[in-house]
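As a basis for the values below, the full set of heavy atoms in this structure was taken, side chains included, without hydrogen atoms, waters or symmetry mates. On a predicted model such as this, the values are computed, not experimentally measured, just so you know. When a ligand or atom number is given, it counts from 1 through the structure's own listing order.
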Amino acid sequence: MCGIVGYIGQNDTKEVLLNGLEKLEYRGYDSAGIAIENEQGVNLFKVKGRIAALREKVDHNVSSTMGIGHTRWATHGAPNVDNAHPHQSASGRFTIVHNGVIENYVEIRKEYLSDVTLKSDTDTEIVVQLIEKMHDELQDTAKAFRKAVSLLTGSYALAMIDAEDNETIYVAKNKSPLLVGIGEGFNVVASDAMATLRETDTYKEIRDKEIVIVRRDSVEIQLLDGTKVERETFKTEIDAADTEKGTYDHFMLKETDEQPFVIRKIIQHYQNEAEEIKMDPAIRNAMLDADRIYIVAAGTSYNAGLVGKQFIENLAKIPVEVHIASEFSYNMPLLSEKPLFIFLSQSGETADSRAVLVQVKELGHPALTITNVPGSTLSREADFTLPLYAGPEIAVASTKAYTAQMAVMLLLAVDTANGKEIKLDFNPLQELAIVANAMEVLTDQKETFETLAQNYLSESRNAFFIGRGVDYFVCVEGSLKLKEISYIQAEGFAGGELKHGTIALIEEGTPVIALATQSSVNHSIRGNVQEVNARGANTLLISMKGLEHDEDAFVIPAVNELLSPLVSVVPLQLLAYYAAVQRGADVDKPRNLAKSVTVE
Ligand code: F6R
């Protein structure tokens, strides 16, 4: 989704902004721009398309030590140069970048801006025009900014500069993420710390409905009424090296490869000296208090939630419902008496999930967020957080966050079972260590998956994934991976459901990827494979050691069957990756997609 970066200091702004925007590219965008200011005023450069094009467009002879930049993922108005940010007020004095959606922009336009000719179709331009109107009245930029911001409803992260003041960036935030980074003789603004890690590792969190006056040597946080707010700094744990591709062609491959290490890191973080699970007792109590758990998530995180339900119900014996975040508000289920909500989110910023969290908090129910970004909105606003420790995930297609989510939910389920004194016949930390080794065996066989992708998928228009039990959930995730990065139409089905309609789509050569990692359904999924084969399918059967048959295309190492999704997904991630590469797709930045979906 959209990204913001701002800089005010001693160095050349252009490089800081362009480098920062490049770091935000992974979030998905369709246009970009920067505004840089010096004594002569503000220079604006905008393009439709990539940052590389913006780099070419920027006049590198203009020197400046302050500016703001933006990557836009279109919501209001087509992706073109007019709608790209930064936007300027009618006189050109004020220049702004914005993430989020202004809900009352139509009303604002009617009430305050009926005499202004707009240059774009965006809700953002309304904000900067409104600031100019307020300035006409108040003759003070800070007051005009505060007044305008107080009239906005919806979500926003804003950074604004004034052509007549090259000492200040004005910042405001509501619901959309924004941080101010602190340096020596400079300060930065970023919607994601990743954009400014080269500059600083020290940040101040900005809370909703706060304004920040950012200067070269000071950062002043204020409430909308002008009251000053003191805020401690924090150090980000993101290692700048984690945001580089290194020797990999794509972040997705690097992140797929990192999964064994992530699982080992999770084991390390969630175990005490006695090598038992270490979990916040307050989280255990919240789990024990709940009569039903509601997992709310989107996309891949939702798919991880489906597996999490199996862990919690099987091990901790608490009923679990899994809900798609964007449906929850309209299709709210009848809630139990003592619900606990679990928000699963890699980014911790997904607007659909946050909307549910707001609703849940209004109803007074407890909420736990499981996220890769502690300090994210979903983490801050929930009662509890369990971090994933997966490190930054840059490829749009989620891989290591998915397996990390399942691993953390497993530990949560086991910790709850321990709290209920339910005797389990396995040690989850040891089982996860076995999982990590099995993942490594698979990531070491990349050439095999490259060949399988070539043989089964790269020329195909569509593909089906079938499985039973937890394999079905992994099939849904495998099909999502394939479709989002290779654009092959792919669907995951429960093996037994095929005969109720979908089998009509199987024709000569249709690729079907089948998973067989569950002994209880090994026989029946193989029956489904026979059925599709009889109709001409080109079937790639992936089974688990101990359940394999001679004709299987690939056998994954044996792990505890309940935990098999953490391992069986790896071949599907690699198949999707290679099929996308073979089809020439932009693997890390698939079309139409954004990494962090911060609009509902
Ligand atoms: C797909 C993918 C998305 C996300 C979804 C939720 O590979 O990454 O489906 O899972 O947009 O995002 P988070 O987990 O950040 O809430």
Side-chain angles (χ1 to χ4, degrees), residues 1 3 26-28 73 176-177 191-192 194 250-253 255-256 259 295-308 322-328 341-357 367-382 385-388 390-406 408-409 465 473-488 490 492 569-570 572-577 579-580 585-600:
M1 292 262 116
Y26 79 101
R27 300 169 70 95
W73 192 84
S176 296
S191 54
D192 179 336
M194 214 97 88
H250 298 98
F251 279 106
M252 183 181 171
L253 192 60
E255 290 159 8
T256 302
Q259 293 178 108
I295 297 179
V296 178
T300 286
S301 295
Y302 171 83
N303 294 341
L306 296 172
V307 177
V322 191
H323 290 273
I324 293 174
S326 57
E327 283 293 303
F328 191 90
F341 282 80
I342 298 183
F343 291 87
L344 268 187
S345 174
Q346 187 284 130
S347 62
E349 300 294 349
T350 299
D352 291 323
S353 300
R354 187 189 185 245
V356 181
L357 175 57
L368 159 67
T369 290
I370 301 181
T371 182
N372 203 23
V373 189
S376 57
T377 308
L378 285 173
S379 157
R380 285 200 316 274
E381 295 182 0
T385 296
L386 287 176
L388 295 176
E393 193 180 63
I394 311 258
V396 163
S398 181
T399 51
K400 60 179 180 172
Y402 170 75
T403 41
Q405 284 170 338
M406 293 190 289
V408 171
M409 279 188 291
F465 290 72
F473 305 135
V474 180
C475 284
V476 175
E477 171 58 11
S479 71
L480 177 60
K481 283 294 88 84
L482 183 66
K483 69 183 130 188
E484 70 178 317
I485 60 169
S486 75
Y487 317 137
I488 296 171
V569 76
V570 177
L572 306 193
Q573 293 166 340
L574 288 169
L575 286 170
Y577 171 76
D586 188 352
V587 175
D588 284 338
K589 296 187 223 96
R591 68 186 180 208
N592 307 338
L593 290 180
K595 181 67 184 163
S596 166
V597 185
T598 49
V599 290
E600 279 173 46

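If you check which protein heavy atom lies closest to atom 11 (O) of ligand 1, you get Val597 CG2, 4.0 Å. Looking at atom 14 (O) of ligand 1, its nearest protein heavy atom turns out to be Ser301 OG, 2.5 Å. Scanning the protein for heavy atoms near atom 4 (C) of ligand 1, the closest one is Thr300 N, 4.0 Å.
Annotation for ligand 1: atoms under 4.0 Å from non-hydrogen atoms of Ala397 are 7 (O). Interface of Ser345 with ligand 1, defined as ligand atoms under 4.0 Å from a residue heavy atom, comprises 13 (P), 14 (O), 15 (O), 16 (O). The distance from ligand 1 to the heavy atoms of Lys481 drops below 4.0 Å at these ligand atoms: 1 (C), 7 (O). Contact atoms of ligand 1 toward Thr350: 6 (C), 12 (O), 13 (P), 15 (O), 16 (O) (distance under 4.0 Å to a heavy atom of the residue).
For the atom pair CG of Leu253 and CG of Leu574, the computed distance is 6.5 Å after rounding to the nearest 0.5 Å.
Taking the six-membered ring wherever Trp is involved, the centroid distance between the rings of Phe341 and Phe328 falls below 6.0 Å.
Side chains of Gln573 and Gln259: a donor-acceptor N/O pair is present below 3.5 angstrom, by distance only. Under 3.5 Å, the side chains of Lys481 and Ser398 contain no donor-acceptor pair of N or O atoms. Inspection of the Thr371 and Gln346 side chains reveals no N or O donor paired with an N or O acceptor under 3.5 Å. A donor atom on one side chain and an acceptor atom on the other are not found under 3.5 Å apart for Ser376 and Glu349. If you check the side chains of Gln405 and Ser301, you find a donor sitting under 3.5 Å from an acceptor.
Taking any N or O of Ser347, backbone or side chain, at least one lies under 3.5 Å from an N or O belonging to ligand 1. Taking distance alone, with nitrogen or oxygen atoms compared against 3.5 Å, Ser398 approaches ligand 1 more closely than that limit.
Of the residues Val356, Ile370, Leu368, the one that meets the side-chain contact (heavy atoms from CB on, under 4.5 Å) test with Phe343 is Val356.
The heavy atom nearest to atom 7 (O) of ligand 1, out of those in Glu484, Gln346, Gln573, is found in Glu484.
Taking 4.0 Å as the cut-off, Val396 counts as a neighbour of ligand 1 on heavy-atom distance. At least one heavy atom of Ala298 lies less than 4.0 angstrom from ligand 1. No heavy atom of Glu349 sits closer than 4.0 Å to any atom of ligand 1.
Here salt bridge (Lys or Arg N to Asp or Glu O under 4.0 Å) pairs that include residues 295-304, with residues two or more places apart or in two chains, number zero.
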